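Quick caveat: nothing in here was measured; it's all calculated off a predicted structure. Note on naming: letters A, B, ... go to the chains in the order of the sequence lines (proteins, then strands), and numbering restarts at 1 for each one.
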Number of protein chains: 2
Amino acid sequence: MGEPQDTARAQKQPDDCRRRRCCESGDGTRRGVGAGKGSFVEPALLAALATSAGHGYDLARAIEEMTQGEVVPDAGGLYRILRRLEEDGFVISEWQEGESGPQRRLYSITSDGRALLAHWLVHLEERRHALDVLTGVVRSASGPA
Amino acid sequence: MGEPQDTARAQKQPDDCRRRRCCESGDGTRRGVGAGKGSFVEPALLAALATSAGHGYDLARAIEEMTQGEVVPDAGGLYRILRRLEEDGFVISEWQEGESGPQRRLYSITSDGRALLAHWLVHLEERRHALDVLTGVVRSASGPA
DNA sequence: GACGCGTATATGTATAAGACATATAGCTGA
DNA sequence: TCAGCTATATGTCTTATACATATACGCGTC
């Protein structure tokens, strides 16, 4: 693991999200504003990795710090997301040998990963707008004053 | 159906979300920013009902209109949410007799439902803030320029 | 008058994210 | 030794949404 399966996958759908996540129904249909397609831990993870490579455990804390505690990733889910991202060539990892303490795996973002992060930004902003609109609707329906 | 099972349930946990939805882990822990606990269709539905009573089918279109197409509820899910809201006393419904066309069920919001909507507003604003923070983090990690 | 279409309500099922529990293994200090 | 922290990982549950489909009514049309 950690080998550049990156290159093999990179040219599949060059300027797209390549896989499920982040992009929605494929045909551009977007329903809802929150749950469903596209998580929030994943972009946070990519953002943390774009800042600096790290281990899963540290990344969790980095995310919590970067987001001022707004995103507190579940430890179990974090490693699953990292493995999935690696399968898709968005991150690479290598075991760190000859260290004290438990075995650690160092994750780094790939150029594909950076592209995915940029893509995420667009989607997050879209969602932010949707959530804005919904909040406005709820506010005016809730307190007409 | 449509009877005020409202009153029976109302005094359970007066100033709370009373049930699962909307409020998070119960102990105040909130993780993540989007998916998981609390949908987005439900507050939209309550907001639509707070504006005016209506049938499920119409409410779907009202929501789409109110949110400028940002929330397009799934028809199947909509009726499930309405039934769940009714079970919990947040809405009431009655079949409309003697009309042409297919049978219609008129839904109205209860005072508990209005309270829930007000509660939703708080949570949506919290989430909006969380999403704001996350988006900012992703933006600065994505394009440091 | 059979058929398609829009209205209206409803169920079944698949996918995905997240929450929580738990397993493992190594190190550190009491 | 034993508790507790670091670190990675799997199992499982709940929930939200997406999509398919079933039903029934009324209306227009061919």
Side-chain angles (χ1 to χ4, degrees), chain A residues 1 19-45 54-63 71-86 93-107 127 130, chain B residues 1 19-27 29-45 54-63 71-84 86 93-107 127 130:
Chain A
M1 296 144 192
R19 271 267 208 146
R20 50 205 178 273
R21 296 184 307 279
C22 162
C23 280
E24 315 292 335
S25 316
D27 60 353
T29 307
R30 182 171 42 72
R31 308 204 180 181
V33 66
K37 314 286 177 52
S39 70
F40 289 91
V41 176
E42 183 179 299
L45 205 39
H55 312 100
Y57 198 84
D58 296 331
L59 288 167
R61 288 187 301 190
I63 287 168
V71 178
V72 182
D74 174 66
L78 192 93
Y79 292 108
R80 270 187 276 244
I81 292 173
L82 281 168
R83 237 173 308 132
R84 198 181 52 183
L85 285 170
E86 183 161 23
S93 74
E94 50 179 329
W95 286 103
Q96 299 213 287
E97 307 287 347
E99 292 207 338
S100 75
Q103 280 276 288
R104 299 167 139 234
R105 202 169 191 166
L106 182 70
Y107 289 92
R127 275 190 218 190
Chain B
M1 297 144 191
R19 271 270 206 141
R20 49 207 177 273
R21 298 183 307 279
C22 162
C23 278
E24 314 293 334
S25 317
D27 59 353
T29 308
R30 183 172 39 75
R31 308 203 181 179
V33 65
K37 313 288 176 51
S39 70
F40 288 91
V41 177
E42 182 178 300
L45 205 39
H55 313 100
Y57 197 84
D58 296 331
L59 288 167
R61 290 187 300 190
I63 288 169
V71 178
V72 182
D74 175 65
L78 192 92
Y79 292 107
R80 270 187 277 244
I81 292 172
L82 282 169
R83 238 173 305 134
R84 198 181 52 183
E86 183 161 23
S93 75
E94 50 178 328
W95 286 103
Q96 300 214 286
E97 307 288 346
E99 292 207 339
S100 74
Q103 280 277 289
R104 302 167 138 233
R105 203 168 191 167
L106 182 70
Y107 289 92
R127 274 189 218 189

Rounded to whole angstrom units, what separation is found between the [atom1] atom of [X] and the [atom2] atom of [N]?
X      : N      : atom1 : atom2 : value
B/L59  : C/dT7  : CG    : P     : 15 Å
B/D58  : C/dT9  : CG    : C1'   : 12 Å
A/L82  : C/dG18 : CG    : C1'   : 15 Å
A/E42  : C/dA17 : CD    : P     : 8 Å
B/L106 : C/dT9  : CG    : C1'   : 14 Å
A/L78  : C/dA21 : CG    : P     : 18 Å
A/I81  : C/dA19 : CD1   : P     : 10 Å
B/Q96  : C/dT7  : CD    : P     : 17 Å

What is the minimum heavy-atom distance between B/Q96 and B/Q103, and which atoms define it?
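Looking at all heavy atoms of both residues, the closest pair is O-NE2, 3.7 Å.
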
Which pair of non-hydrogen atoms, one from B/G56 and one from B/Y107, has the smallest distance, and what is that distance?
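Between these two residues, the closest heavy atoms are N-CD1, 4.1 Å.
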
Measuring from B/R83:CZ to B/R80:CZ, what's the distance to the nearest 0.5 Å?
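Result: 7.5 Å between the selected atoms.
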
Would you say [N] has OP1 or OP2 under 4.0 Å from some side-chain N or O of [X]?
X     : N      : result
B/R84 : D/dA16 : yes
B/R83 : C/dT9  : no
A/Y57 : D/dT8  : no

Can you identify which nucleotide, out of [options], has its nearest atom closest to the [X] side chain?
X     : options               : value
B/D74 : C/dG18, D/dT8, D/dA18 : D/dA18
A/Y79 : C/dA10, C/dT9, D/dA9  : D/dA9
B/V41 : C/dA17, D/dT17, D/dT6 : D/dT17
A/W95 : D/dA18, D/dT17, D/dT8 : D/dT8

Do A/I81 and A/R84 make a side-chain contact, defined as non-hydrogen atoms from C-beta onward lying under 4.5 Å apart?
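Of all side-chain heavy-atom pairs linking A/R84 with A/I81, at least one is under 4.5 Å.
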
Does any non-hydrogen side-chain atom of B/F40 lie less than 4.5 Å from one of A/R127?
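When only atoms from C-beta onward are counted, B/F40 and A/R127 do not touch, as no gap falls below 4.5 Å.
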
Within the structure shown, what part of the strands sits under 4.0 Å from B/G56 by heavy-atom distance: base, sugar-phosphate, or nothing?
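Touches sugar-phosphate only.
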
Nearest-nucleotide comparison on DNA chain C, the residue closer to the 5′ end among B/G77 and A/G76:
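Whichever sits nearer the 5' end wins; that is B/G77.
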
Side-chain-base donor-acceptor pair under 3.5 Å for A/R80 and D/dG11
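Such a pair is found, so the answer is yes.
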
